Amino acid sequence: MKNVKALLFDVFGTVVDWRTSVEAELKALGAKHGVDADWAKFAQEWRDKYFSGTKRVAVEGAAFTSVDAMHRQILDQMLASPEWSSIAPLWSEEELQELNLVWHRLGGWPDSSEGLRALKKNYIIATLSNGNVKLLVDMAKYTDLPWDAVFSGEMFQSYKPNPKTYLGAIQYLSLQPHEVAMVAAHIFDIRAASKLGMPSVYVVRPQEEADPHPEAIKTKAEGGDADIIVSSFLELADILEEGK
């Protein structure tokens with residue numbers, strides 16, 4: 001990591017705790033209309049279908065759709081399904097529009113803001129997220145994320161793990177792949193970046209990685225995929241400071 005000058009961060013799950021934030025808004029909207037449902041399941045299904053949608057664009061070459069539009073399409077599809085259709089008549093169009101924007105106001109993990117500020121002292125810190133630019137800017141303001149720059153799949157008309165998203169961000173920074181590290185809580189992100197010659201930092205976040213399980217994730221020195229594995233950005237800042 002000695003040659004690294006910039007850190008690119010995955011955002012959903014790595015920097016922000018999407019699950020807690022989305023579940024809380026769903027629960028509040030449900031309570032407003034007297035609905036008690038498995039909101040954790042609803043949030044996870046919304047998230048899973050988003051992953052499938054971005055993969056179709058990144059890997060299968062489907063037409064690009066912004067994350068805001070994708071989230072709304074998925075929400076409408078879910079509310080039309082047998083499992084959730086009883087909820088649909090209760091929520092107004094205005095409420096659905098506001099609910100769809102919950103992804104703009106996700107709370108950070110406890111270490112996120114402080115850790116990013118510590119890293120910002122010595123490195124360029126920027127997003128590399130599938131979230132659209134407006135979403136990432138709104139989120140940064142909402143949860144105090146001090147980015148130097150915001151890179152979005154929207155800028156490259158594709159999504160991670162398509163190589164052009166990583167290489168596009170690196171090109172904007174006028175750096176080389178070995179000078180830009182990918183920081184993520186998802187092993188697919190780590191593997192995709194590593195294939196391009198980028199150093200990588202895996203961040204263990206609660207419930208975020210389902211397959212493979214976190215205990216199966218190892219450093220390159222142990223035969224795994226990541227250069228460094230940490231549990232917080234503050235830990236990462238300490239490790240990088242010690243390595244200077």
Side-chain angles (χ1 to χ4, degrees), residues 10-109 127 129-143 145 150 152-155 157-162 165 185-186 188-189 205-211:
D10 170 69
V11 176
F12 295 112
T14 302
V15 181
V16 294
D17 176 10
W18 65 268
R19 181 176 282 100
T20 298
S21 299
V22 174
E23 286 180 18
E25 291 218 18
L26 286 165
K27 185 177 181 179
L29 184 56
K32 178 181 176 182
H33 294 280
V35 178
D36 185 17
D38 189 343
W39 299 121
K41 184 178 182 181
F42 191 106
Q44 188 65 58
E45 183 177 339
W46 201 357
R47 172 72 168 164
D48 289 345
K49 290 182 183 298
Y50 149 85
F51 260 126
S52 298
T54 56
K55 182 180 178 180
R56 283 194 294 272
V57 175
V59 179
E60 300 170 19
F64 181 84
T65 303
S66 77
V67 165
D68 272 346
M70 188 180 297
H71 276 149
R72 181 56 198 267
Q73 289 170 5
I74 295 166
L75 180 59
D76 289 344
Q77 290 166 4
M78 288 175 61
L79 291 174
S81 70
E83 183 167 11
W84 308 109
S85 59
S86 61
I87 300 172
L90 304 176
W91 291 350
S92 69
E93 173 59 27
E94 183 178 358
E95 287 172 325
L96 289 174
Q97 289 179 10
E98 186 64 19
L99 176 61
N100 198 56
L101 294 177
V102 65
W103 301 94
H104 290 230
R105 45 181 184 269
L106 305 178
W109 293 105
T127 69
S129 172
N130 287 342
N132 43 291
V133 173
K134 181 61 162 59
L135 180 155
L136 294 170
V137 171
D138 287 349
M139 186 193 296
K141 290 181 177 295
Y142 180 84
T143 201
L145 305 174
V150 169
S152 159
E154 183 180 40
M155 299 168 67
Q157 292 294 285
S158 190
Y159 290 121
K160 298 181 297 178
N162 191 302
T165 59
H186 308 111
F188 83 87
D189 234 343
R205 295 299 194 187
Q207 295 183 279
E208 189 56 27
E209 191 80 89
D211 183 23

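None of these values were measured; they are calculated from a predicted model.
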Would you mind checking if Asp138 and Lys134 are paired as a salt bridge, meaning a charged N to carboxylate O distance below 4.0 Å?
yes
Atom of Gly108, atom of Thr143 and distance for their closest heavy-atom approach:
N-OG1, 2.9 Å
Using the side-chain contact (heavy atoms from CB on, under 4.5 Å) rule, pick out the option among Glu23, Lys27, Met78 that qualifies with Phe42.
Met78
Between Ser152 and Leu136, what is the shortest heavy-atom contact and its length?
CB-CD1, 3.9 Å
Apply side chain to side chain contact (heavy atoms under 4.5 Å, CB included) to the pair Val67 and His71, showing each step before the final yes or no.
CA-CA 6 Å; Val67 165; His71 276 149; 3.2 Å; yes
Going through the distances and angles, do Val16 and Leu145 end up as a side chain to side chain contact (heavy atoms under 4.5 Å, CB included)?
CA-CA 10 Å; Val16 294; Leu145 305 174; 4.2 Å; yes
Do NZ/NE/NH1/NH2 and the carboxylate oxygens of Glu25 and Lys32 come within less than 4.0 Å?
no
For Thr14 and Ala185, indicate whether the former's side chain and the latter's backbone hold a donor-acceptor pair under 3.5 Å.
yes
d(Glu98 CD, Leu29 CG) to nearest 0.5 Å is 10.0 Å
Side chain of Ser129, backbone of Gly131: donor and acceptor closer than 3.5 Å?
yes
For residues 48-66, the side-chain hydrogen bond (donor to acceptor under 3.5 Å, both in side chains) pairs (sequence neighbours left out) are Gln44-Asp48
Ring centres under 6.0 angstrom apart (Trp103, Trp46)
yes
From the options Thr165, Asp10, Asn130, select the one residue that forms a side chain to side chain donor-acceptor pair (under 3.5 Å) with Lys160.
Asp10
Under 3.5 Å, is there a donor-acceptor pair linking the side chains of Gln77 and Gln73?
no
Under 3.5 Å, side chain of Trp91 to main-chain N/O of Gly30, donor-acceptor pair present?
no
